[in-house]
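See structure below.
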Amino acid sequence: MSRRTAPRDRISFPHKVAYGIGGFVNNLLAQGIGNMMVVLTLALGMDFRAVGLLGSLPRFFDAVTDPLVGFLSDRTRSRWGRRRPFLFVGAIASGIIFAILWQMPAPTQFRLKLVDYGADGVYSGGETGEPVGLLESIGNSLKDIVTVEIIDDVEDEVTILPPALVTGGWVSLDVPLSDFDQLATREHLSQILISGDLTEVYVDNVYLYRTDDTTRAEPAGRDVEGVTAPNTAAPTPTAPSADVISFFSGAYDDVPVQFWSTAWDESDVADAEAGGDAVKHYTAVRFAAIDFGETPVDARGMTHIHLDIWTPEPTDEGRSQGYYFWYFLIGSLVFFLAYTVFATPWVALGYELTPDYNERTRLMGVQNFVSNIAFVIGPWFLVIMTNAAWFRNQMDGARFLALAICTVTIALGVIPAIFLRERMHAGGGHADARARSGGPSLEESVKDFLGGLWQTVKTGPFLMLCIATFLIFNSFIMISQFQFWVFAFYISGGNVGEGAGLAGLVGTVGIVAGFLVIVVVTWLGTKIGKKNAFFVSTGISMFGYALKWFCYNPDYPMLALLPAPFLAFGLGGLFTLMGSMIADVVDLDELTTGERREGMFGSVFWWVVKVGQSLAILLGGFLLYSTGLDVALGANQPEGTIFWLRFYDAFVPLVASAIAIVAVYFYPITEKSALEVRTKLERRRGA
């Protein structure tokens, strides 16, 4: 039977929420820096390899600085405490730097999208990318997620940037249809969509054509200032008419086009003339749709799409790829330093807010619940940034979102610093003696840091918790991609759209279940002990992983929902209990060393998580490659590929969780032993 928590050891619910708000800010920044990086490719045209480096290098720097900031916060002495000055400064600095990070000038964009409605001739996902408000956009996305049906629509978009765009001159765009790599079928082409930064554009010679010439023709031209309309005709097409499907051109016979601008898009179109040729004149363009109506085009034999465009508006080439890379890399390093200044002391603060064994579990339960709200918000960042009703390009969306995150970070991030009070003071033992003699020298500080780091790493109970976390969290990360491929190529028989819908639905069920899991595990931890609660929650998740083998069934696709609530117990239980258990380790360490080192323990723990995550992503890629998966083959995968996808997806995390249970089995701290440690500490240094 667990001991009743004394009133003086309780943390009020508002103060628990205040601590959880710090976790929300922590996760919001992590979601922001991760989910927004796709804009570096979409808006700035950065190479995937460069973006990968920008994602990994700052995180290694972040992992290195964690123990240093933890050590400094452990040794800080101020009238406001050890952690609160770091929290206050870190929240403000990380918010401001995050906003600055996304203020890079972007090149002018002209975007071209092709849409195939599929054999049913109906777009199954609602309207095709037209600008809508945020709430409607979210509603449409949720509808797509919870409606699991066979969706045969495909679409993809390419972005044309300067120097391919010029001012005051005709530019001939010849885009290989292979560049629309998500356009898996071109049998029922239904729409051509144009959008981007140009608000006024003249269009001529819109057609599809077939050629055996694989040479990529780069648009050529030069800027001509001061001209407001084209006074010459667009270049005369040279492709043989037998190899062309023309929509608008004086050189060919055109197929019917129902709308050159639909009722729901945001643009105006008028017939005009340039050098004696008829052209389409688009103005007030935010999003224009060329719709073929009930007569879709079979473009399977075509290889390219051609447009001639003319704009009077200035086009900006932005900056070089090297500029973007170094700007974002240096900015990210500074951001992660400010982020660490906030996050590491915030973690440490949670370990000392209460000395009570069970109240620590309740605190971490509330914190985990509030913190996880950020994971519900984060996936919508791309929806916001690419919302054509709000922003002309993704970089404008990123700038706005970064300012919003900055505001929220500063407004909420200072709440723990203002409203929470620390119970512990820095130092103890030798540290107090040096402080009275004028403070440690640089050499002594370095020795203290390295000695404290070694003492932390070799602490047995803490090591068991790190091993368990490494195994459970990183096995989940390692196989995180596998589930989607199982859904797409096993359950859905190669239909990627249907697999994505099922993955979205399963993910939604998992998120909702995760919040309930936190409540259940928190209650269990106070009733049967943290160690036993860990065994129960991890065991339930293992049952969920085993269920994958039986419930991921192409004959009964909705059975895939069944494992999701059980799987939520894995990470939900892990991060609810680990913080509370580490707080108990800190007490045991103080009894041994005479020093309070919450910052060092918290930073080393998250160092293990971050470095492990990087390794897990790397190993997961190699593991996925080893299955022989070839996306281009659809449902016709090599023999054994589906088996190994399913096997790794189910049994890698199951085995890792079993080993984690063995590691925690040797964790020695119980409620009784934790109370004994607390009693000895309070006898030594007071309550």
Within a strict 4.5 Å, meaning less than it, do heavy atoms of the [X] and [Y] side chains meet?
X	Y	answer
Tyr667	Asp584	yes
Tyr648	Met478	no
Thr469	Val608	no
Arg83	Asp74	yes
Phe13	Val366	yes
Arg646	Trp549	yes
Phe369	Phe515	yes
Ser537	Leu524	no

ask   = Please, which pairs that meet ring-ring contact (aromatic ring centres under 6.0 Å, His included) have at least one residue in residues 566-590, sequence neighbours excluded?
value =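 Counting only pairs at least two positions apart or across chains, the ring-ring contact (aromatic ring centres under 6.0 Å, His included) contacts touching residues 566-590 are Phe473-Phe575, Phe543-Phe566, Phe575-Trp606.
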For this session: Carefully, step by step, assess Arg678 and Asp9 under the rule salt bridge (charged side-chain N to carboxylate O under 4.0 Å, His left out).
Result: CA-CA 12 Å; Arg678 177 185 174 182; Asp9 295 334; 2.7 Å; yes
**Study point:** Under the salt bridge (charged side-chain N to carboxylate O under 4.0 Å, His left out) test, residues paired with Arg362 that sit two or more places apart
**Key:**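 Listed in chain order: Glu359.
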Quiz item: Which class fits the ring pair Tyr552 and Phe487: parallel under 30°, tilted 30 to 60°, perpendicular over 60°?
Solution: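 Perpendicular.
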Output the distance between atom [atom1] ([X]) and atom [atom2] ([Y]), rounded to the nearest 0.5 Å.
X	Y	atom1	atom2	answer
Phe534	Ile528	CZ	CD1	12.5 Å
Ile33	Phe335	CD1	CZ	5.0 Å
Ile518	Asn372	CD1	CG	4.5 Å
Met364	Thr522	CE	OG1	11.0 Å
Tyr339	Asn26	OH	CG	3.5 Å
Met581	Leu574	CE	CG	10.0 Å

*Carefully, step by step, assess Val586 and Glu590 under the rule side chain to side chain contact (heavy atoms under 4.5 Å, CB included).*
CA-CA 6 Å; Val586 171; Glu590 184 190 358; 5.7 Å; no
Do you know which two heavy atoms are closest between [X] and [Y], and how far apart they sit?
X	Y	result
Ser673	Pro668	OG-O, 3.9 Å
Leu654	Met542	CD1-O, 3.5 Å
Met37	Val51	CE-O, 3.6 Å
Pro461	Leu588	CG-CD2, 4.1 Å
Trp485	Leu624	NE1-CD2, 3.7 Å
Pro67	Ser603	CA-OG, 3.2 Å

| field | Among Val334, Leu29, Leu337, Val25, the one residue meeting side chain to side chain contact (heavy atoms under 4.5 Å, CB included) with Ser94 | value |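 Only one option passes, and that is Leu29.
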Do side-chain atoms of [X] reach the backbone of [Y] as a donor and acceptor pair under 3.5 angstrom?
X	Y	answer
Thr344	Val341	no
Asn474	Phe470	yes
Arg82	Arg75	no
Ser475	Ile472	yes
Gln367	Gly23	no
Trp346	Tyr19	yes

Mind running side chain to side chain contact (heavy atoms under 4.5 Å, CB included) on Met36 and Leu101 for me, showing each step along the way?
CA-CA 11 Å; Met36 291 173 63; Leu101 188 61; over 6 Å; no
Next item on the list: With sequence neighbours left out, write down each residue that passes side-chain contact (heavy atoms from CB on, under 4.5 Å) with Pro58, or none if nothing qualifies.
Entry: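 Counting only residues at least two positions away or on another chain, Pro58 forms a side-chain contact (heavy atoms from CB on, under 4.5 Å) with Leu329, Ser332, Leu333, Phe336.
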Practice item. Applying side-chain hydrogen bond (donor to acceptor under 3.5 Å, both in side chains), name anything that partners Asn27, two or more places apart in sequence or on another chain. Key: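 For Asn27 there are no side-chain hydrogen bond (donor to acceptor under 3.5 Å, both in side chains) partners, ignoring immediate neighbours.
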Quiz item: Among all residues two or more places apart in sequence or in another chain, which pass the side-chain hydrogen bond (donor to acceptor under 3.5 Å, both in side chains) test with Ser580?
Solution: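 Thr361, Lys530.
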Worksheet item: Are there more than 12 heavy atoms of other residues, nucleotides or ligands under 6.0 Å from atom CZ of Phe88?
Response: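 No - once you tally the heavy atoms of other residues, nucleotides and ligands closer than 6.0 Å, there are 12 at most.
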- Query: Do Tyr545 and Asp649 have side-chain atoms, one donor and one acceptor, less than 3.5 Å apart?
  - Reply: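 Judged by distance alone, the side chains do not pair up.
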If only side-chain N and O atoms count, and only distance matters, is there a donor-acceptor pair under 3.5 Å linking Asn368 with Thr576?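 Yes.
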- request: For the pair Asn553 and Ile491, evaluate side chain to side chain contact (heavy atoms under 4.5 Å, CB included) and give the outcome as yes or no after the intermediate values.
  value: CA-CA 6 Å; Asn553 189 324; Ile491 295 181; over 6 Å; no
Please tabulate, for side-chain N and O atoms in residues 400-411, each donor-acceptor pair with protein atoms closer than 3.5 Å (sequence neighbours left out).
| unit_1 | atom_1 | unit_2 | atom_2 | d |
| --- | --- | --- | --- | --- |
| Thr407 | OG1 | Leu403 | O | 2.9 |
| Thr409 | OG1 | Ile405 | O | 2.7 |

Check your understanding: Could you walk me through whether Ile377 and Phe24 pass the side chain to side chain contact (heavy atoms under 4.5 Å, CB included) check?
Key -> CA-CA 11 Å; Ile377 299 172; Phe24 171 82; 3.9 Å; yes
When the ring centroid of Phe462 is compared with that of Phe601, is the distance short of 6.0 Å?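 They qualify: ring centres under 6.0 Å apart.
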